[in-house]
Amino acid sequence: MNKVVNNADDAVRDISDGAVLMLGGFGLCGIPENCIQALVKKGVKGLTCISNNAGVDDFGIGLMLKSRQVKKMISSYVGENAEFERQLLNGELEVELIPQGTLATRCMAAGYGMPAIFTPAGVGTEVAQGKEIRNFNGKDYLMEYAFDADFAIIKAWKGDTQGNLVFKATARNFNPLMAMAGKITIAEVEELLPAGALDPNEIHTPGIYVHRIFQGSAYEKRIEQLTIRKAHQ
Amino acid sequence: MALSKEQIAQRIARELKDGYYVNLGIGIPTLVANYIPEGVHVVLQSENGLLGMGPFPFEGEEDPDLINAGKQTITTVQGSSFFDSAMSFGMIRAGKVDLTVLGAMEVSEKGDIANWKIPGKMVKGMGGAMDLVASAKNIIVAMMHTNPKGESKLLPACHLPLTGVGCVKKVVTDLGVLAITEGGFKLLERAPGVSVQEIQSKTAGKLIVEGAVPEMVY
């Protein structure tokens with residue numbers, strides 16, 4: 001069993017036009033920077049991207065939007081991207097907006113082998129249109145299907161050659177959920193360690209979910225909203 | 001005098017009870033964290049995967065891997081924990097979060113809320129708002145009583161696309177504190193110096209006034 005690949009280009013080698021991808025991250029926090037760059041370089045087109053956000057104009061998924069590789073975004077919030085807005089208003093891009101908890105739980109369901117979930121989020125709103133509603137204990141719930149993605153592309157802090165992963169702080173977000181949900185899961189990590197170097201008690205994602213792993217490089221980790229307090233406060 | 005945004009936040013902070021787990025939305029709700037009463041210990045939840053959100057970092061101590069749901073750099077406090085987004089919304093859905101404070105564009109007398117979409121404008125998405133309003137045990141809305149055009153934001157029914165139905169329990173505005181009851185908006189408190197008549201004239205939904213309405217303390 002060898003899950004270790006050389007680099008991002010190698011990891012995304014068989015992603016082809018029209019693929020359905022999950023991409024981890026919340027805003028620009030915990031995004032698979034190396035794989036996104038490799039996908040831009042590869043020039044693969046017509047992608048459906050399931051990701052909480054759509055990056056910013058010149059970073060994250062925004063880079064793939066700029067090079068017109070994305071056919072459809074499935075996200076909960078797509079605020080900070082002018083090119084996104086332009087493509088959307090021109091009808092060049094399809095967007096499905098779904099509640100953030102629904103997005104997370106549809107990933108989770110796929111990873112847990114469950115075909116659907118029931119959630120109250122969106123009941124009585126336009127999100128509920130055309131969806132099955134079931135009443136449990138007097139409360140209405142929408143049935144939402146598990147996602148079906150060809151590839152999950154995620155970013156972890158540390159990983160080992162078995163594919164075990166550890167995430168850092170709020171860069172965890174959607175990453176472990178998507179890791180469990182992809183038919184093929186690609187993990188880029190800041191530090192790749194030999195098997196045995198990570199404490200089994202502290203693994204967030206067991207290696208069974210990870211098919212390819214590599215140590216990424218040159219992480220920019222851009223901060224979207226730098227907020228600080230003054231020293232005297 | 002109508003309240004400032006800071007004073008609205010200050011008044012909402014008085015709703016916090018010791019031991020509460022609290023989710024604060026973006027805007028006025030975020031300011032509530034600055035006015036937590038002395039002796040009251042609450043744990044702030046950030047739905048991108050943190051319990052125990054601390055203040056903004058000092059310059060140079062910011063960590064790009066540590067942000068809140070508004071994508072701002074933050075810190076942790078002693079006893080913080082991190083988790084994934086499904087667990088985060090799981091604890092919200094399961095009713096573990098005691099209080100959610102949100103902003104809104106409109107609230108109806110039945111407790112419906114609209115805060116995510118304006119037809120004709122670029123729609124950015126609902127983020128976690130629909131999950132929060134559908135599940136939180138106790139939702140307080142923090143908002144101005146009227147919109148910039150002077151129109152009431154407390155309505156018989158929302159005009160804008162809904163975020164959630166029948167979920168808001170209380171509204172704190174620059175003019176008063178109102179509870180959502182079966183009959184409509186019940187005026188509990190008014191801002192210092194603001195008359196019941198003024199609140200009545202700026203509330204399009206049904207307003208219930210019982211006896212003398214006390215002035216707010218914040």
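Everything numeric in this text was worked out from a predicted model, so none of it was measured. Every chain is numbered from 1 and lettered A, B, ... according to where its sequence line falls, protein lines coming before strand lines.
Counting non-hydrogen atoms of other residues, nucleotides and ligands closer than 6.0 Å to CE of B:M144 gives a total above 12. The 12-atom threshold is exceeded at NZ of B:K153, counting heavy atoms of other residues, nucleotides or ligands nearer than 6.0 Å. Taking a 6.0 Å sphere around NZ of A:K139, one finds it holds more than 12 heavy atoms contributed by other residues, nucleotides or ligands. More than 12 heavy atoms of other residues, nucleotides or ligands shown are found within 6.0 angstrom of CZ on A:F59.
Considering only heavy-atom pairs separated by less than 4.5 Å from chain A, the leading option among B:P57, B:P161, B:S81, B:G128 is B:P57. Between chain A and the residues B:W116, B:F83, B:F82, the most heavy-atom pairs under 4.5 angstrom are made by B:F82. When the candidates B:N68, B:D84, B:T76, B:L66 are compared by the number of heavy-atom contacts under 4.5 Å with chain A, B:D84 comes out ahead. Of the residues considered (A:R222, A:K168, A:R106, A:M108), A:K168 shows the highest number of contacts with chain B, using heavy-atom pairs under 4.5 Å. Put simply, of A:G122, A:G79, A:P176, the one with the most heavy-atom pairs under 4.5 Å next to chain B is A:G79. With chain A as the partner, the residue from B:N48, B:L50, B:L162 showing the most heavy-atom pairs under 4.5 Å is B:N48. Residue with the most contacts toward chain A among B:A134, B:A86, B:G127: B:G127 (heavy-atom pairs, distance under 4.5 Å). Taking chain A as the reference chain and counting heavy-atom pairs below 4.5 Å, the highest number among B:P55, B:S135, B:G49 is found for B:P55.
When heavy atoms are compared at a cutoff of 4.5 Å, B:A69 approaches chain A by way of both its backbone and its side chain. Looking at B:V123, both its backbone and its side chain come within 4.5 Å of chain A, counting heavy atoms on both sides. Of the atoms belonging to B:E61, not a single heavy atom falls under 4.5 Å from chain A. For A:V95, no part lies under 4.5 angstrom from a heavy atom of chain B. In this structure, chain B has heavy atoms under 4.5 Å from both the backbone and the side chain of A:L226. Looking at B:D112, there are no atoms closer than 4.5 Å to chain A (heavy atoms on both sides), in backbone or side chain. Neither the backbone nor the side chain of A:N175 comes within contact range of chain B, judged by heavy atoms closer than 4.5 Å. In this structure, chain A has heavy atoms under 4.5 Å from both the backbone and the side chain of B:F56. Only the side chain of A:F84 comes within contact range of chain B, with heavy atoms under 4.5 Å apart. Contact annotation for B:S80: neither backbone nor side-chain heavy atoms come within less than 4.5 Å of a heavy atom of chain A.
In this structure, A:K155 is positioned above the aromatic face of A:Y219, its NZ or CZ under 6.0 Å from the six-membered ring centre and within 45° of the axis. Geometric assessment of B:K71 against the ring of A:F26 yields a positive cation-pi assignment under the 6.0 Å and 45° thresholds. With a 6.0 Å cutoff to the six-membered ring centre and a 45° limit on the axis angle, B:R14 does not count as a cation-pi contact of B:Y218.
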Please tabulate, for the side chains in residues 142-149 of chain A, all donor-acceptor contacts under 3.5 angstrom to protein atoms that are two or more places apart in sequence or on a different chain.
from	atom 1	to	atom 2	distance (Å)
A:E144	OE1	A:K131	NZ	3.4
A:E144	OE2	A:K131	NZ	3.1
A:D148	OD1	A:K183	NZ	2.8

Atom pairs and distances, side-chain donor-acceptor, residues 71-78 of chain A, under 3.5 Å, sequence neighbours left out:
from	atom 1	to	atom 2	distance (Å)
A:K72	NZ	A:E96	OE1	3.1
A:S75	OG	A:S51	O	2.8
A:S76	OG	A:N52	OD1	2.7

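No donor-acceptor contact under 3.5 angstrom links the side chains of B:H145 and B:S152, judged on distance only. Side-chain contact check for A:Q37 and A:E33: no donor-acceptor pair (N or O, by modelled atom type) lies under 3.5 Å.
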With salt bridge (Lys or Arg N to Asp or Glu O under 4.0 Å) as the criterion, how do B:D65 and A:K221 come out once you've worked through the C-alpha distance, each side chain's angles and the decisive distance to 0.1 Å?
CA-CA 8 Å; B:D65 290 327; A:K221 290 199 185 183; 2.5 Å; yes

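A salt bridge between A:R229 and B:E59 is absent, with no side-chain N of the basic residue lying under 4.0 Å from a carboxylate O of the acidic one. Salt-bridge formation is not detected for the pair A:R86/A:D57: no Lys NZ or Arg NE/NH1/NH2 atom is positioned less than 4.0 Å from an Asp or Glu carboxylate oxygen.
Proximity to chain B among residues 98-105 of chain A is limited to A:I98, A:P99, A:Q100, A:G101, A:T102, A:A104, A:T105, judged by heavy-atom separations below 4.5 angstrom.
Under the salt bridge (Lys or Arg N to Asp or Glu O under 4.0 Å) criterion, B:D98 pairs with B:K137, not counting sequence neighbours.
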